[in-house]
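Letters A, B, ... are given to chains in the order of the sequence lines, protein chains preceding strands, and every chain is numbered from 1.
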There are 2 protein chains.
Amino acid sequence: MAKVSFREQVLRVREDAIVSSVNRLLAEKGFEAMTVDEVAADVGIAKASLYKHFPSKELLAAAAMVKVLERALAFLETTAKASPELPPVDRLKAVVRWCLEVQLAGEMPSLPSQNSALRTTLMGHTPYLDRLMTVSETLGEWIVAAQAAGDVDATLPAEVVLYTLFARACDPVLGVLKAGGQYTDEQVIDLLVRTCFGGLAAR
Amino acid sequence: MAKVSFREQVLRVREDAIVSSVNRLLAEKGFEAMTVDEVAADVGIAKASLYKHFPSKELLAAAAMVKVLERALAFLETTAKASPELPPVDRLKAVVRWCLEVQLAGEMPSLPSQNSALRTTLMGHTPYLDRLMTVSETLGEWIVAAQAAGDVDATLPAEVVLYTLFARACDPVLGVLKAGGQYTDEQVIDLLVRTCFGGLAAR
DNA sequence: GTCTATATGTGGATAGAC
DNA sequence: GTCTATCCACATATAGAC
């Protein structure tokens with residue numbers, strides 16, 4: 001039994017390596033531009049072996065998306081437990097900040113565009129949908145609480161706030177500012193958090 | 001001579017039709033997902049004919065991007081001349097609003113991602129760069145003026161404001177809210193202009 | 001399960017007749 | 001300039017030996 005368990009563990013490690021590569025390539029080039037050959041080369045295994053683990057390119061990407069959502073969920077739980085007294089709006093800011101850090105690290109895949117093959121798969125992929133729903137529900141509660149506390153504009157539908165947060169997680173402005181090279185990573189993140197919550201207008 | 005001029009005019013009209021199709025498909029599916037076959041089918045001509053007008057898929061897309069920038073430039077000029085007394089910040093809001101309307105109409109191509117084949121072409125395509133620079137300079141002046149007037153946060157680098165405006169022009173939140181179907185087009189635009197300038201935080 | 005080698009489909013681009 | 005027919009590169013996916 002120990003032998004079988006060991007093999008399974010090796011497999012899990014390999015699949016983790018695969019998913020990590022996919023995650024990075026997905027963030028770097030997007031789903032359409034990423035090729036399965038690249039993934040195989042990056043992981044260092046043959047393409048056919050990839051298909052033994054994941055039956056299609058879409059499901060390969062879906063596994064990476066699931067992993068990102070799980071990292072997000074872990075962060076949400078940690079934040080909730082580590083600082084239960086933190087005002088909801090500050091939790092939301094921490095989430096945005098975390099997303100931007102992940103994006104800076106090249107590990108945040110961009111949102112699948114409305115009519116992509118990936119999106120179709122994801123919309124029928126329960127593991128993805130479940131985690132997406134959990135993330136949305138948790139954030140939704142924080143948003144409502146932040147509105148009740150008077151820290152987030154209560155005249156904005158909570159749904160709009162949620163979608164805005166999701167969009168800011170992959171904001172292309174980060175890449176442009178980073179490429180400009182005249183700000184540190186921390187400054188870029190600060191600027192984006194400010195424009196997200198404070199807007200462009202003067203207070 | 002009249003005959004030649006007529007032919008040239010017919011060609012121009014056809015090229016306009018091509019560029020319009022490309023523009024729409026570009027907005028709908030993005031550069032990578034758009035195929036030249038689709039474009040040809042949409043215009044109603046053979047693919048080989050397309051290549052007589054534009055030597056590559058990239059330059060085909062570039063022509064569409066140039067056209068969008070020219071529409072934007074025309075809007076900027078109209079706005080400047082029609083209401084010279086309008087506060088700069090309101091001009092900026094009008095620009096965002098216009099971009100969102102164009103996006104709602106399915107005519108706003110999304111920003112080319114950092115490492116796309118299209119981006120490489122655009123960065124060496126003078127007609128595109130010239131117009132992009134003109135748009136940026138005009139908006140830059142308005143931004144500085146709006147900051148001087150105390151209407152736009154003067155502690156934000158003007159450059160950051162500019163990039164943010166560009167990003168909001170293609171904000172994916174619009175598509176999601178529109179797809180949700182519980183807001184009118186005007187409500188969606190109002191919400192996005194509000195979150196862009198006012199931010200998520202309460203005032 | 002991993003490999004090499006290949007099947008199959010598709011997209012960008014072109015040849016050549018009209 | 002427009003068409004039909006085709007080339008060629010490349011990407012997803014699979015066959016079959018080990």
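Minimum interatomic distance between A:Tyr163 and B:Val173 (heavy atoms only, all atoms of both residues): O-CG2, 3.7 Å. What you find for A:Ala146 and A:Leu92 is that their closest heavy atoms are CB-CD1, 4.2 Å. Across all their heavy atoms, A:Phe166 and A:Leu111 have their closest contact at O-CD1, 4.4 Å.
In this structure, A:Glu15 places its CD atom 8 Å from P of C:dG1, rounding to the nearest Å. A straight line from CG of B:Leu118 to P of C:dG11 spans 18 Å, rounded to a whole angstrom. Atom-to-atom, CG of A:Leu60 to C1' of D:dA11 comes out at 14 Å; the value is rounded to the nearest Å. Residue B:Leu25 contributes atom CG, which lies 13 Å from atom P of C:dG11 at whole-angstrom precision.
Sorted by residue number, the members of residues 29-51 of chain B with any non-hydrogen atom under 4.0 Å from DNA chain D read B:Ile45, B:Ala46, B:Ala48, B:Ser49.
Of the listed nucleotides (C:dA13, C:dG1, D:dT2), D:dT2 has the atom at the smallest distance from the side chain of B:His53.
Terminal axes of the helix from C:dG1-D:dC18 to C:dC18-D:dG1 (five pairs each, C1' rotation axis) are separated by 20°, to the nearest 10°.
Using modelled atom types and a 3.5 Å distance limit, the side chains of B:Lys67 and B:Ser20 yield a donor-acceptor pair. Under 3.5 Å, the side chains of A:Ser49 and A:Arg14 contain no donor-acceptor pair of N or O atoms. Checking A:Lys29 against B:Ser113 by side-chain atom types alone, no donor-acceptor pair falls below 3.5 Å.
For the ring-ring contact (aromatic ring centres under 6.0 Å, His included) test, no residue two or more places apart in sequence or in another chain qualifies with B:Tyr183.
The pair B:Lys93-B:Asp190 fails the salt-bridge criterion, with no side-chain N (NZ, NE, NH1 or NH2) lying under 4.0 Å from an Asp/Glu carboxylate O.
Contacts of A:Lys52 with the nucleic acid, taken as non-hydrogen atoms under 4.0 Å apart, include base atoms.
Between D:dG1 and B:Arg14, no contact under 4.0 Å exists linking OP1 or OP2 to a side-chain N or O.
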